[in-house]
Number of protein chains: 2
Amino acid sequence: MRHLQDYLFFKTIVEAGSIRKAAESLTITSTALNRRILAIEEDIGVELFERLPKGVRLSSAGEIFLHHVREQLTDIERVKSQIADLSGERRGHVRIACSQALLTAFLPAQISIYREKHPGVTFSVQKKDRKEAEESLRNLSSDIALVFEPESLADFQILSVSKQQTYAIMSTEHPLAGRPQLKLSDCLQYTLALPSSDYGIRRILNSKANRSAQSLSPAIESDSFEFLRYLALHKQYITFQISIGLPEDLSQLNMTAVPLNTKDVPYGMLYLGQRSGRTLPVAAAKFAQQLVNELQE
Amino acid sequence: MRHLQDYLFFKTIVEAGSIRKAAESLTITSTALNRRILAIEEDIGVELFERLPKGVRLSSAGEIFLHHVREQLTDIERVKSQIADLSGERRGHVRIACSQALLTAFLPAQISIYREKHPGVTFSVQKKDRKEAEESLRNLSSDIALVFEPESLADFQILSVSKQQTYAIMSTEHPLAGRPQLKLSDCLQYTLALPSSDYGIRRILNSKANRSAQSLSPAIESDSFEFLRYLALHKQYITFQISIGLPEDLSQLNMTAVPLNTKDVPYGMLYLGQRSGRTLPVAAAKFAQQLVNELQE
DNA sequence: AAATAGTGATGCAAAATTTGCACTGCTCTG
DNA sequence: CAGAGCAGTGCAAATTTTGCATCACTATTT
């Protein structure tokens, strides 16, 4: 859309912090870009930026305008997507913010299923922690978010909630492998490789440990679930994952996942949501619907 | 706003039903206008209009686009108004849809009060019946609506509700003048001049008459309250009005208003509302707030 | 203290886009 | 069947946007 170019330019400048830098990434001259901003400012009658020696910074009027610009840019996407859907062929782009656990198996599978029906739809998936995911919904940089144990839920419109059981992951050689079910205390006798404490799984385990006055002392902490998994394979450590985050090929890797007793370690909650009050583009709305159906099973 | 010109052009064409007619009112050539539409259509990839021999008509894609355009045009007004409010001086335009009864005394007084504080704010007031008022909120041609006994309340976000007592209006020479209070049956013995049946007051009176199996047979019906009032003055008829709609200068006109007993004819409800989910421009929001305060007394 | 490198703004000419005129082809109306 | 009203199009003029060179300013580095 031609008229929205100014909006995009403006947004890019805000993100770049300088007109010249923004101009570079927009493949346009800084002077042309500068003048477009000046023109907008004249239109509105207020300066959108403070001019600093190091670049530009939003004025308070600019903040208001930025908010409007973000809404516009996403709104026109929705409109285009609705219009495209009239002609039968679904097109568009779905932007997903999600917890790390979803990246391994669930989302790849779901996206693949969706794209078989609608190859015109593209996806971007960003791993975000709980805070970041909610923020990205708020500032419209994501359409939907899948968050395990979310934080505030402000502006978060819940589309689906599903209970997630925690599993212990270990090598098939591990003494505990083969048990039908475990308690957390069973695991504490072995060496643990845990996600860092800003992850939902860790919070679940922590709270159980605190309640039973046990101490959760991991030998290894990491923010990469994949790393933890490989560690558990080679070093006979135990790590944990929620059910939806279990890789499909564990057995091929000589690993196994044993569920933790839910009376011992309670279910965690996986939330699917969008920004409240927003109408999603068709593609995103339909994909969200697919996830809702899938999560209900 | 330069970029929104296309939107305004588009909207004008829709309303005019023809590119040439729209071009005329926009003081631009039909050919230039035509090409701007073609450009938009190329941008989106779909035809927005069906081309008919008599002009153009919206396609279904155009309908979606129109909806977006309307939201845009009002949204940018809100943004401008919010930005202007930063600099202290309030500017903007408030569009009000209201029932006829409000035009006589209430709204003129309220607008006058508001404009003393904020002379930069302009107003447009449109008399609408209950259906029309709600529709004008929905399609964003009004910011706020004041409706007596509204109909559906769909998409209608209620800002305030106030009870309105019904008054009988008559000449000071009338036999019933001077009574402290009346019952509907008292009035039925005299000749009535009533608003047409799509007005809220008439509905209130009708429902009472039906319940008590009385018959409401007006000698005169009109959709002009002013006409009815003058009629009542000169011909000794009785007409009715709700409290907020009573003119301030009745006594100077040798007329008087006598309240109807509320146990006989119940209160009617006056609703102040906006479209649900919408953030009003500063000027409109503040004016609405003033009305809410006023109506609470 | 001076040089340097970074920022946004501006005058001016070239490039690109938009506009208006004249005209086409179409359909419905009288 | 002629006429009026409609949208679309080729082309040249008018207007707007762009890019280059350059200015004025500031913070950092030498």
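In what follows, chains carry the letters A, B, and so on, assigned in the order in which the sequence lines appear, proteins first and then strands, with residues in each chain numbered from 1.
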Check your understanding: Could a donor-acceptor pair under 3.5 angstrom be found where the side chain of Arg35(A) meets the base of dG19(D)?
Key -> yes
Practice item. Assess whether one donor atom and one acceptor atom, taken from the side chain of Arg20(A) and the base of dG8(C), lie less than 3.5 Å apart. Key: yes
Just compare [options] and give me whichever is closest to any side-chain atom of [X].
{"X": "Ile28(A)", "options": "dG19(D), dA9(C), dG20(C)", "result": "dG19(D)"}
{"X": "Arg36(B)", "options": "dT9(D), dG8(C), dT18(C)", "result": "dT18(C)"}
{"X": "Thr31(B)", "options": "dG20(C), dA27(D), dG8(D)", "result": "dG20(C)"}
{"X": "Ile19(A)", "options": "dT10(C), dG20(C), dG8(C)", "result": "dG8(C)"}

Are any of [X]'s side-chain N or O atoms less than 4.0 Å away from OP1 or OP2 of [N]?
{"X": "Arg51(B)", "N": "dC6(D)", "value": "no"}
{"X": "Ser18(A)", "N": "dG8(C)", "value": "yes"}
{"X": "Asn34(B)", "N": "dG8(D)", "value": "yes"}

Rounded distance (Å) that lies between atom [atom2] of [N] and atom [atom1] of [X]:
{"X": "Leu33(B)", "N": "dC21(C)", "atom1": "CG", "atom2": "C1'", "result": "16 Å"}
{"X": "Leu38(B)", "N": "dT17(C)", "atom1": "CG", "atom2": "P", "result": "17 Å"}
{"X": "Glu41(A)", "N": "dT10(C)", "atom1": "CD", "atom2": "P", "result": "11 Å"}
{"X": "Leu52(A)", "N": "dA9(C)", "atom1": "CG", "atom2": "C1'", "result": "15 Å"}
{"X": "Arg57(B)", "N": "dC6(D)", "atom1": "CZ", "atom2": "P", "result": "16 Å"}
{"X": "Gln5(B)", "N": "dT15(D)", "atom1": "CD", "atom2": "P", "result": "15 Å"}
{"X": "Ile37(A)", "N": "dT18(D)", "atom1": "CD1", "atom2": "C1'", "result": "15 Å"}
{"X": "Ile40(A)", "N": "dA9(C)", "atom1": "CD1", "atom2": "P", "result": "13 Å"}

Salt bridge [X]-[Y], side-chain N to carboxylate O under 4.0 Å:
{"X": "Arg20(B)", "Y": "Glu24(B)", "answer": "no"}
{"X": "Arg275(A)", "Y": "Glu71(A)", "answer": "yes"}
{"X": "Glu41(A)", "Y": "Arg51(A)", "answer": "yes"}
{"X": "Glu135(A)", "Y": "Arg138(A)", "answer": "yes"}

Review point. What is the ring orientation for Phe49(B) with Phe10(B), classed by angle as parallel under 30°, tilted 30 to 60°, or perpendicular over 60°?
Key: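 Answer is tilted, since the angle falls between 30° and 60°.
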